[in-house]
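Note sheet for the following structure.
If you're wondering where the values come from, they're calculated on a predicted model, not measured in any experiment.
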Amino acid sequence: MELSSSFSQLPKISDISFSSSCAPFPLQIRYLKPHHKTLQNLGVFAVAVDPQELPKNSPQRLLKELAERKKTTSPKKRIPPKRFILKPPLDDKRLAQRFLNSPQLSLKQFPLLSSCLPSSRLNNADQTWIDEYLLEAKQALGYPLEPSDRFGDDNPAKQFDTLLYLAFQHPSCERTNARHVRSGHSRLCFLGQYVLELAFAEYFLQRYPRESPAPLRERVFGLIGKRNLPKWIKAASLHNLIFPYDNMDKLQRKEREPPVNCGINMILDYVKTFGLAVNVKYTMWSVFWALFGAIYLCFGMPEVYRVLFEVFEMDPEAEDCQPKLRRQFEDVDYVSVEFEGKQLSWQDVAAYKASSRFPPEDALFAHPRLFRACVPPGMHRFRGNIWDYESRHHVMRTLGYPLTMRDRIPDITKARNIELGLGLQLCFLHPSNHKFEHPRFCYERLEYVGQKIQDIVMAERLLMKHLDAPGKWLQEKHRRVLMNKFCGRYLREKHLHKYIIYADKVADAYEHNRRLRNPSTTAVNHALHGLSYTIYGKPDVRRLMFDVFDFEQTQPKLV
């Protein structure tokens, strides 16, 4: 065995030999503690070479020794990751310049769309992905292949290419290290989940006008539940864009993967082909939600319905989307004429939604069909009752109703105010009164749509208010602001809880037991938002949330 050393003053030790019974072993000394000042900067390298393998002067032997020496060099100091390095804050001038140069402040006509653009302009690496994959994504979604820059500045679709690129940059891809890409994708994902919830809530409320919200929620979960999203991604042939073949080896490995649901096995077969175990579920959720966030910002809710039912081929009558069997109360009351004897398709809902986006001046409601789906025609039997005379004007004065509307026909204003009064009475009508005999004569359906519109209004508010916040932070902020206990508290602070109509048998229990009273006040608050959305539209929901109830007030910390 031969030892090679960088010390020229050491004696030659090539004559040293070992017994043949001992197998040769590699000897590597990484660090030798110096005993003299002159040896402090010297390194010791010991490389074991079998002389019978290669000749002494063989080039391969020299290359092998050189490779072994490179391996045994002392490692460099490990610098901490960039996220742990504290940087000094930007001064006011540089910070203002960064925000002024950001695309997020470039669109004054569309503040919500502008807030979801990337915080800095796309660079060459972003353009490379766009050139390589964007046409395939557009073709799969059914959009023209021309660049979206051909639209004018007054058209939100001009930013579709940028938002579609951000939608596919999931947390496991290689471009997620860029701050503007990572933050832009998470903000679209944050908005998209509430867009889908509202879209299906409006669709199923109009498709099934007699059902209670419980089976409607189960239908929504059967279509866009987290376990089913990978199935829709593969049905639209978008999985190759989420996991490109070239980038499969660069995905982060997960040694301990959570249990996989049956709906994800189709995508996992694709991933396991390459011997990887990536977090497929979260990747699919984020891309699916961000995709519909981009579509909603650029084309509106009708296009969301088209992509859901044409591109992803969702079937609301599929067997795995049906609600579980439960005891149903017999509904003997009438529904509106447009719902009688037929089920509305998604084309009917999308076309009606597109026409109500710009309603005529003398329109009775902002969303008339949704109002008729939530407020049964039989509510007119409650006109002139005790609540109508004693409580309605107090509730309307507290909420600022009726709003001033410019109607050319006075009868339109009168009819709207009558329907508003009946809707308000329905919002305060507790299920303990008439639910067993008349299942729809309570606030449950209005509460369902009100909860969804409240979520999306708050999401839009947070996106426009916090331009540099990532989606995860916005999600936590959204959850803390819209907690159920706060929604009920805001209603009680306005002293509106005393106008809730309980049944005589349970009135005392609900009024003196906060565990029963607080959930009912939360439901009434949601129902008020749903009613304001169907009659006056989303601007009135913002007025109720931020002007009347002040949802953004600072809550005291728990002691």
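- At least one side-chain heavy atom of Phe200 sits under 4.5 Å from a side-chain heavy atom of Val220.
- In this structure, Phe312 has its ring center closer than 6.0 angstrom to the ring center of Phe292.
- Applying the side-chain hydrogen bond (donor to acceptor under 3.5 Å, both in side chains) criterion to His393, with sequence neighbours excluded, gives no partner residue.
- Not counting sequence neighbours, the partners of Ser115 by the side chain to side chain contact (heavy atoms under 4.5 Å, CB included) test are Leu112, Arg187, Leu463, Met464, Leu467.
- A donor-acceptor contact closer than 3.5 angstrom links the side chains of Gln322 and Arg219.
- Tyr401 and Tyr536 have parallel rings, their planes meeting at less than 30° on a 0 to 90° scale where 60° marks the start of perpendicular.
- Contacts of Cys487 classified as side chain to side chain contact (heavy atoms under 4.5 Å, CB included), with partners at least two apart in sequence or in another chain: Gln454, Thr522, Asn525, His526, Phe551.
- Judged as a side-chain hydrogen bond (donor to acceptor under 3.5 Å, both in side chains), and not counting sequence neighbours, the contacts of Glu303 are Tyr143, Arg306.
- The salt bridge (charged side-chain N to carboxylate O under 4.0 Å, His left out) test applied to Lys538 returns Glu460, not counting sequence neighbours.
- Side-chain N/O atoms of Glu419 and His380 include a donor and acceptor closer than 3.5 Å.
- The backbone N or O of Lys324 lies less than 3.5 Å from a partner atom in the side chain of Glu218, making a donor-acceptor pair.
- Ring orientation note: the planes of Trp387 and Phe428 are tilted relative to one another, at an angle of 30° to 60°.
- The salt bridge (charged side-chain N to carboxylate O under 4.0 Å, His left out) test applied to Arg479 returns Glu476, not counting sequence neighbours.
- Ring orientation note: the planes of Phe549 and His529 are nearly perpendicular, at an angle over 60° on the 30°/60° scale.
- Applying the side chain to side chain donor-acceptor pair (under 3.5 Å) rule to pairs touching residues 421-441 yields Asp331-Arg440, Asp333-His438, Asn385-Gln425, His430-Ser432, Lys435-Glu444, sequence neighbours excluded.
- Applying the side chain to side chain donor-acceptor pair (under 3.5 Å) test to residues at least two apart or on different chains, the pairs with a partner in residues 193-205 are Gln193-Gln475, Tyr194-Gln475, Tyr194-His478, Glu197-Lys452, Glu202-Lys353, Glu202-Tyr533, Tyr203-Arg207.
- Scanning for side chain to side chain contact (heavy atoms under 4.5 Å, CB included) contacts around Arg492 gives Arg489, His497, Arg517, Asn518, Thr521, with sequence neighbours left out.
- Residue pairs meeting the salt bridge (Lys or Arg N to Asp or Glu O under 4.0 Å) criterion with at least one partner in residues 364-375, sequence neighbours excluded, are Glu338-Arg369, Glu338-Arg372.
- Scored by the side chain to side chain contact (heavy atoms under 4.5 Å, CB included) test, Phe221 finds Arg227 as partners (sequence neighbours excluded).
- Under the rule for a salt bridge (charged side-chain N to carboxylate O under 4.0 Å, His left out), Lys477 has no partner lying at least two apart in sequence or in another chain.
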